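Input: a single structure, listed below in structure tokens.
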Number of protein chains: 2
Amino acid sequence: MRAASASFRPVATRRAFEEITSQIRGRLARQALRAGDRLPPERELAGQFHVSRNTLREALRSLEIAGLLELRKGATGGAFIKEGGGAAAVAGLADLYHLGAIQPQHLTEARIVIGAEVARLACTRRTKEDLEALAANVAAAEAATLRGDVVQRAHVNYEFHRLLARAARNPVLIVITDALMEMTRHFVESIGYMPNRYVMSSRHRLIACLRAKDGAAAAKEMEGMLRRLQRFHLAAYGRRK
Amino acid sequence: MRAASASFRPVATRRAFEEITSQIRGRLARQALRAGDRLPPERELAGQFHVSRNTLREALRSLEIAGLLELRKGATGGAFIKEGGGAAAVAGLADLYHLGAIQPQHLTEARIVIGAEVARLACTRRTKEDLEALAANVAAAEAATLRGDVVQRAHVNYEFHRLLARAARNPVLIVITDALMEMTRHFVESIGYMPNRYVMSSRHRLIACLRAKDGAAAAKEMEGMLRRLQRFHLAAYGRRK
DNA sequence: AACTATAATTGGTTGAACCATTGATTTCAA
DNA sequence: TTGAAATCAATGGTTCAACCAATTATAGTT
């Protein structure tokens, strides 16, 4: 780190739309705007900011892409503050995968380390409802397996990890898990769906750990399952190349 | 999960700018566009897509916010494909923190579970250069401590975790770590900087683990340090409220 | 060769107009 | 009175034609 880097900051040729997004973000940060609130119509907002409607729209578009706003057409439409759902963060990571900055081996490795910790936490925090939802998910996966519906089975399996992350009650891990599953979905689509018997048996052992609130065992079970899956997936990926 | 949810998908009233971003994203995904490439000027692109320049600009703005493009003014300016840096994902998570969807206890907990695993991986993959950079960082932190420059010390400490994540050679964990540090920076600013002597002694033990490539010990050391930091931070946060 | 003035290129912004969708209001027949 | 259809109003989506501002290339001057 060079000494100068802390003293200087890039001269800000701030664009008009950036100033607008900055002001709106500020109101969000200090709770002056909350989820569900509606901003004034574009024409009126443009007047308040003293910019043209086009410039204002570029600002709204930025906030929409960032996942902060939702724009709805029609008489009761407008710009609504969105519930923070992490969609933008998920999309940002998915883009890195599509761009090749994140490779399959990185993805599978991250799943192992994150998944194991999610499983551990879920054990300590899961409610009865979480347990029921997870058990129902496993049942749905088995039904899809019996039907031979590999696509549906894959989606139900992604959902299992999402449910588990929600049971862990940590929004950071929820968003990360959602992002990992989104990337995994694309990855698996590219190498083709393949049945893997080991996954289902692991699910049952995992459910037992959750029921017993045995976090260490759950983490171990999840890690082992994901390591198998990793070998499986990367082998398929190697053949495809 | 209801059966219908898999069969229907929302009817797509796709906006023109979305069609454009989708086409450009497609080219990125299949490597027809690569980092550093320049798109044609706005006026020309608008013609190619048969849309007005304003609509095209909304599309470019979206891609810029998503971190995929960089727009530069001037004779040699234009829309350049950006190196995938994860800035958008980091901003997405930071927004969730600002919106209150991610609370300090979630943040500190996520740091513990991710940080420990990053430390473990870094041990197995760190190069000599990584080790040198980390040691230099620790020296810089001690120098800042001696000067009583708490702000600088805090920033050097965030940098330590970023360096460690890079030593772990997994871009997923790098982006996540960057996001956690960005959120931590805001959190610490809100509760005020406070010296914490334990951190520096932990750094030295961690460096020793890295030198010895002892991943298990490094993970344990990092977890312990972060747990202390968590208690420290959350206590300060509780007092502030 | 080095500096300066000029031109060309490109993104940034403006203003006015019209389109398309959505929901509320009114109308009118049963 | 009810209820369905026609109408209206509000709002985001798109277009067009300019002009502004920053940046670099280029020609001209010393």
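Values in this document were obtained by computation on a predicted structure and should not be read as measured data. The figures here come from the full heavy-atom set of this structure, side chains too, leaving out hydrogens, waters and symmetry mates.
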Considering just the side-chain nitrogens and oxygens of Arg53(A), establish if one lies under 4.0 Å of OP1 or OP2 belonging to dT14(D).
no
Nearest whole angstrom, please: distance from the P of dG12(C) to the CG of Leu56(B).
11 Å
Rounded to the nearest angstrom, tell me the gap between atom CZ in Arg72(A) and atom P in dA24(C).
12 Å
Rounded to the nearest angstrom, tell me the gap between atom CD in Glu58(B) and atom P in dG13(D).
7 Å
Glu42(A) CD - dA16(C) C1' separation (whole Å)
15 Å
Using whole Å, report how far CG of Leu45(A) lies from C1' of dG13(D).
16 Å
Flag for Arg15(A)-Thr55(A): side-chain donor and acceptor within less than 3.5 Å
no
Ala75(B) side chain, from C-beta outward: closest of dG15(C), dT14(D), dT23(D):
dT23(D)
Would you say Arg185(B) has more than 12 foreign heavy atoms packed within less than 6.0 Å of its CZ?
yes
What is the distance from CD1 of Ile20(A) to C1' of dG12(C), rounded to the nearest Å?
12 Å
Is any side-chain nitrogen or oxygen of Arg14(B) closer than 4.0 Å to OP1 or OP2 of dG13(D)?
no
Nearest listed nucleotide, side chain of Arg43(A), among dT11(D), dG12(C), dT14(D)
dT11(D)
Between atom CZ in Arg15(A) and atom C1' in dT10(C), what is the gap in whole Å?
13 Å
Taking the minimum atom-to-atom distance to the side chain of Thr76(B), which one of dC19(D), dT11(D), dT24(D) wins?
dT24(D)
Taking CG from Leu39(A) and C1' from dT11(D), how many angstroms apart are they, rounded to a whole number?
13 Å
Are Glu109(B) and Arg111(B) within salt-bridge range, i.e. N to O under 4.0 Å?
no
Of all the nucleotides listed (dG12(D), dG12(C), dG11(C)), which has the minimum atom distance to the side chain of Pro41(B)?
dG11(C)
Identify which nucleotide among dT11(D), dT13(C), dT14(D) has an atom closest to any side-chain atom of Arg57(A), counting heavy atoms from C-beta outward.
dT14(D)
Which is more 5' along DNA chain C, the nucleotide nearest Gly78(B) or the one nearest Gly74(A)? Just name the residue.
Gly78(B)
Looking only at dG12(C), dG12(D), dT14(D), the nucleotide nearest the Leu71(A) side chain is dG12(D)
First encountered from the 5' end of DNA chain C, between Pro40(B) and Asn54(B):
Pro40(B)
Look only at the side chain of Gln31(A) and the backbone of Leu28(A), and say whether a donor-acceptor pair between them is shorter than 3.5 Å.
no
Do Arg125(A) and Asp130(A) pass the salt bridge (Lys or Arg N to Asp or Glu O under 4.0 Å) test, and can you show the C-alpha distance, the side-chain angles, and the key distance before you say yes or no?
CA-CA 9 Å; Arg125(A) 305 213 175 125; Asp130(A) 293 325; over 6 Å; no
Listed nucleotide nearest any side-chain atom of Lys73(A), set dT15(D), dG12(D), dA10(D):
dG12(D)
